[in-house]
Structure formats: C-alpha cells, structure tokens
Amino acid sequence: MREPAWRRTGNTPDYRFSLANERTFLAWIRTALALLAGAVALDQLAPQFAPGVLRVLLCLALAGIGAVLAIVSYRRWSAQEQAMRHNRELPHSWMLLGMSVVVSAAALVVAILILLHR
C-alpha cells in the first residue's frame with residue numbers, strides 16, 4: 001500500500017503526538033472488532049436470546065456499526081495527522097457522541113431482551 005500524498009506535506013509532527021494518534025486509532029479499531037465479535041457471538045452462541053428476525057437485525061446492526069467505525073477511525077486518524085502536520089487545530093469528531101449513543105442504545109436493547117427472555 002502506498003503512502004498517502006498528504007504525508008509528504010507540512011512538517012513532521014513530534015513522534016509522541018503521532019504515536020498517541022495511532023494508539024487512539026488502534027483503540028477505535030479494537031472497538032470495531034469488539035462490535036463485530038459481539039455480532040458473531042450473539043448469532044452463534046445465543047440463538048434463543050431473541051426472536052430470529054430481531055436477533056439477525058441486532059447482529060447486522062452491530063456488524064454494520066463496527067464496519068462504519070473501522071472506516072471512520074482511519075479517516076479520523078488521517079485528519080488528526082494532517083492537522084498536526086500543518087499546525088492547525090485538531091478537528092472535532094462527531095463519532096464520540098455517535099458511538100456513545102449507539103452503544104447506549106445497544107445496551108438498552110440487550111437489557112430489554114434479557115428481561116423479556118427470563
């Protein structure tokens with residue numbers, strides 16, 4: 001894979017900031033993988049957890065959110081890196097609020113399904 005053209009522009013940022021940005025990217029990727037693992041686990045290990053259609057929809061939602069998060073995490077890492085290279089303010093990410101809402105909603109749905117299953 002080629003190096004992006006923007007990496008040859010601006011000034012190379014302090015490596016500590018670049019590495020911190022990379023660690024944040026990797027944390028977001030771990031979260032995306034956890035969402036995917038949750039979808040697979042729900043589908044394969046808990047077939048009686050919810051009615052079939054609802055379980056499949058929940059699995060698809062978790063996997064889809066994981067896929068979107070993986071893509072957005074790269075774009076976020078890139079935008080942060082470019083901002084540091086050009087001494088600009090770091091861009092705001094709507095994903096912080098978005099992921100908080102999505103994870104809260106998923107937790108609420110799972111809690112309701114657990115209560116209904118008993």
Side-chain angles (χ1 to χ4, degrees):
M1 189 174 236
R2 286 192 340 237
E3 180 180 43
W6 59 259
R7 291 210 14 111
R8 292 185 290 277
T9 64
N11 300 317
T12 303
D14 185 325
Y15 70 91
R16 293 172 294 177
F17 301 125
S18 286
L19 291 174
N21 190 30
E22 189 172 318
R23 283 190 302 272
T24 302
F25 165 74
L26 293 172
W28 286 52
I29 290 295
R30 281 192 306 271
T31 303
L33 286 170
L35 288 165
L36 181 58
V40 170
L42 185 59
D43 184 55
Q44 297 297 310
L45 303 176
Q48 303 303 321
F49 180 71
V53 172
L54 184 58
R55 185 173 46 83
V56 168
L57 288 175
L58 189 56
C59 291
L60 289 173
L62 288 173
I65 292 164
V68 168
L69 183 59
I71 292 166
V72 169
S73 65
Y74 177 81
R75 294 187 64 198
R76 181 180 188 271
W77 168 81
S78 172
Q80 301 277 39
E81 200 69 23
Q82 288 177 57
M84 287 189 290
R85 287 181 164 278
H86 297 284
N87 286 332
R88 293 191 312 253
E89 185 175 328
L90 296 179
H92 173 74
S93 176
W94 58 270
M95 281 303 291
L96 301 175
L97 176 60
M99 283 307 297
S100 297
V101 169
V102 166
V103 170
S104 297
L108 184 61
V109 169
V110 168
I112 290 170
L113 289 173
I114 289 171
L115 287 174
L116 293 176
H117 185 68
R118 301 249 172 225

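Treat the numbers as computed from the prediction; the structure is a model and nothing was measured.
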Does the side chain of Ser78 pick up a donor-acceptor pair with the side chain of Gln82 at under 3.5 Å?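 Yes, because at least one side-chain N or O of Ser78 sits under 3.5 Å from a partner of the opposite role on Gln82.
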So, for [X] and [Y], which heavy atoms are closest and what is the spacing to 0.1 Å?
X	Y	value
Ala32	Leu69	N-CD2, 3.7 Å
Ala83	Glu89	CB-O, 3.8 Å
Leu96	Ser100	O-OG, 2.9 Å
Glu3	Arg8	OE1-NH1, 3.5 Å

Between atom [atom1] of [X] and atom [atom2] of [Y], what is the distance when rounded to the nearest 0.5 Å?
X	Y	atom1	atom2	value
Cys59	Leu35	SG	CG	12.0 Å
Met99	Trp94	CE	CH2	9.5 Å
Asp43	Leu60	CG	CG	8.5 Å
Arg55	Leu42	CZ	CG	6.5 Å
Leu26	Asn21	CG	CG	10.0 Å
Arg76	Trp28	CZ	CH2	4.5 Å

With clusters defined by side-chain heavy atoms of hydrophobic residues (ILVMFWY) lying less than 4.5 Å apart, directly or transitively, does Leu58 cluster with Ile114?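 Yes, it is one cluster - the side chains of Ile114 and Leu58 are joined through contacts under 4.5 Å.
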Between Phe25 and Tyr74, how do the two ring planes meet: parallel, tilted or perpendicular, split at 30° and 60°?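 Ring orientation, 0 to 90° scale: perpendicular.
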Could you work out, with side chain to side chain contact (heavy atoms under 4.5 Å, CB included) as the rule, every residue matching Leu54, not counting sequence neighbours? Ala50, Pro51, Leu113
Could you tell me which residues satisfy salt bridge (Lys or Arg N to Asp or Glu O under 4.0 Å) with Arg30, sequence neighbours excluded, listed by chain and number?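 Arg30 satisfies salt bridge (Lys or Arg N to Asp or Glu O under 4.0 Å) with no residue once adjacent residues are dropped.
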Taking the side chain as C-beta and beyond, is there a heavy-atom pair between Asn11 and Arg85 under 4.5 Å?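 Not in contact.
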Atom CZ of Arg88 with >12 non-hydrogen neighbours under 6.0 angstrom: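 It does: Arg88 CZ has more than 12 such atoms within range.
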